[in-house]
Undergrad: 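Okay, here's the structure, questions in a sec.
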Amino acid sequence: MSVQDITLIGVPLEAGAGRRGCIMGPDAFRTAGLSEALGELGHSVRDVGNIQPEQVSLPETPGVVLKNLDAIAGWTRALHGRALELGLRETLPIYMGGDHALAAGTVTGHAAAANELGRPLFVLWLDAHTDFNTLDSTRSGNLHGTPLAFACGLPGFESYLGHPLNAPVDPGNVEILGVRSIDRQESELLLEYGVSVSDMRRIDEIGIAGLLRPFLDRVAEANGLLHVSLDVDFIDPEIAPAVGTTVPGGATFREAHLVMEMLHDSGLVTSLDLVELNPFLDDRGRTARLMVDLTSSLFGKRVFDRPTRSF
Ligand code: MG
Ligand code: MG
């Protein structure tokens, strides 16, 4: 197994979510032992602490109900800059969220870095939702439902960075797995932009490995970089309750681990978001520990490394 240089960055952001609590996410990942678990696998891990947002004050837009747009713009700008810088270094960043709005900064920063390196960026989005709303299409106004649309260069997001995105992700390089809740307008946009979306029914019928393998083959053939964005609600709420947007019928324990194991075997992952962990809704740290365990699988932990529990 290859040893990785890993940088952990906390993103205490909850302004994009409809419920409060994700601000505690980074500390829950620390308490659940993310750094130690990756260190025990032989990797070199450095926790650089929490990133702070820029202060942004946008002019009021009358009649538009977008929640905390100033705050999201501030986080996006700070994260975009940091992700661009880290994407050009020999380290694998893990962004410990924080709600999914953080991906507006991380994905676009890594896309900008990939562009400088002359390589395509691919994105694997593991989520019950597609997060492909624009600022015009969102019904809830919760901006954690928009980062993927922004990263793919959809129009109307100039306020996020203060300027247009100069290296958007090719929507054809995005794979969304685990979907079971989607707005009608989002669905039309996904079709229009040609994003590959697999809902839980496809996972049931084809199997998660059969969906993931062709995507990983494409990344390898294109010599691409691969950003993985893991939303807690990808996993079934029965085993991962600490999320504000639970939707029944999510990925099972084994399906989620299999994705992580295949990602590890591929050796293709270059950056990772762990998002939407809401410790306020957790059951004695159970979801935080599951997320740490899944991340360990992505970094080489195998089934027979796990101790057998006796009762
Ligand atoms: Mg999400
Ligand atoms: Mg979600």
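We count ligands from 1, going down the list as the structure has it; atoms in each ligand are counted the same way. Residue numbers count from 1 along this sequence.
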Undergrad: Which atom, among the N/O/S set of Asp127, is closest to the Mg ion (ligand 2)?
TA: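 Looking only at N, O and S atoms of Asp127, the one nearest the Mg ion (ligand 2) is named OD1.
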
Undergrad: Do you see an N/O/S atom of Asp131, backbone or side chain, under 2.8 Å from the Mg ion (ligand 2)?
TA: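 No N, O or S atom of Asp131 is closer than 2.8 Å to the Mg ion (ligand 2), so no.
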
Undergrad: To the nearest 0.5 Å, what is the distance between OG1 (Thr287) and CG (Asp293)?
TA: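 Between atom OG1 of Thr287 and atom CG of Asp293 there are 12.5 Å.
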
Undergrad: Output yes when a side-chain donor or acceptor of Asp273 lies under 3.5 Å from a complementary backbone atom of Val275, and no otherwise.
TA: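 No; zero donor-acceptor contacts below 3.5 Å.
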
Undergrad: Could you tell me which residues satisfy side-chain contact (heavy atoms from CB on, under 4.5 Å) with Ser271, sequence neighbours excluded, listed by chain and number?
TA: Pro93, His110, His227

Undergrad: Taking the six-membered ring for Trp, are Phe299 and His264 ring centroids under 6.0 Å apart?
TA: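 Ring centroids of Phe299 and His264 are no less than 6.0 Å from each other.
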
Undergrad: Nearest to the Mg ion (ligand 2), which N, O or S atom of Asp231 do we find?
TA: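 Among the N, O or S atoms of Asp231, the one closest to the Mg ion (ligand 2) is OD2.
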
Undergrad: Please name the atom of Asp233, limited to N, O or S, that comes nearest to the Mg ion (ligand 2).
TA: OD2

Undergrad: Working to the nearest 0.5 angstrom, can you tell me the gap between Gln4 CD and Leu41 CG?
TA: 11.0 Å

Undergrad: Does a side-chain N-to-carboxylate-O contact under 4.0 Å join Glu14 and Arg20?
TA: yes

Undergrad: So, Glu276 and the Mg ion (ligand 1): N/O/S under 2.8 Å, yes or no?
TA: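 Within the cut-off used here (under 2.8 Å), Glu276 places no N, O or S atom near the Mg ion (ligand 1).
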
Undergrad: Does any N, O or S atom of His100, backbone or side chain, fall under 2.8 Å from the Mg ion (ligand 1)?
TA: yes

Undergrad: Can you tell me if an N/O/S atom from His129 lies under 2.8 Å from the Mg ion (ligand 2)?
TA: yes

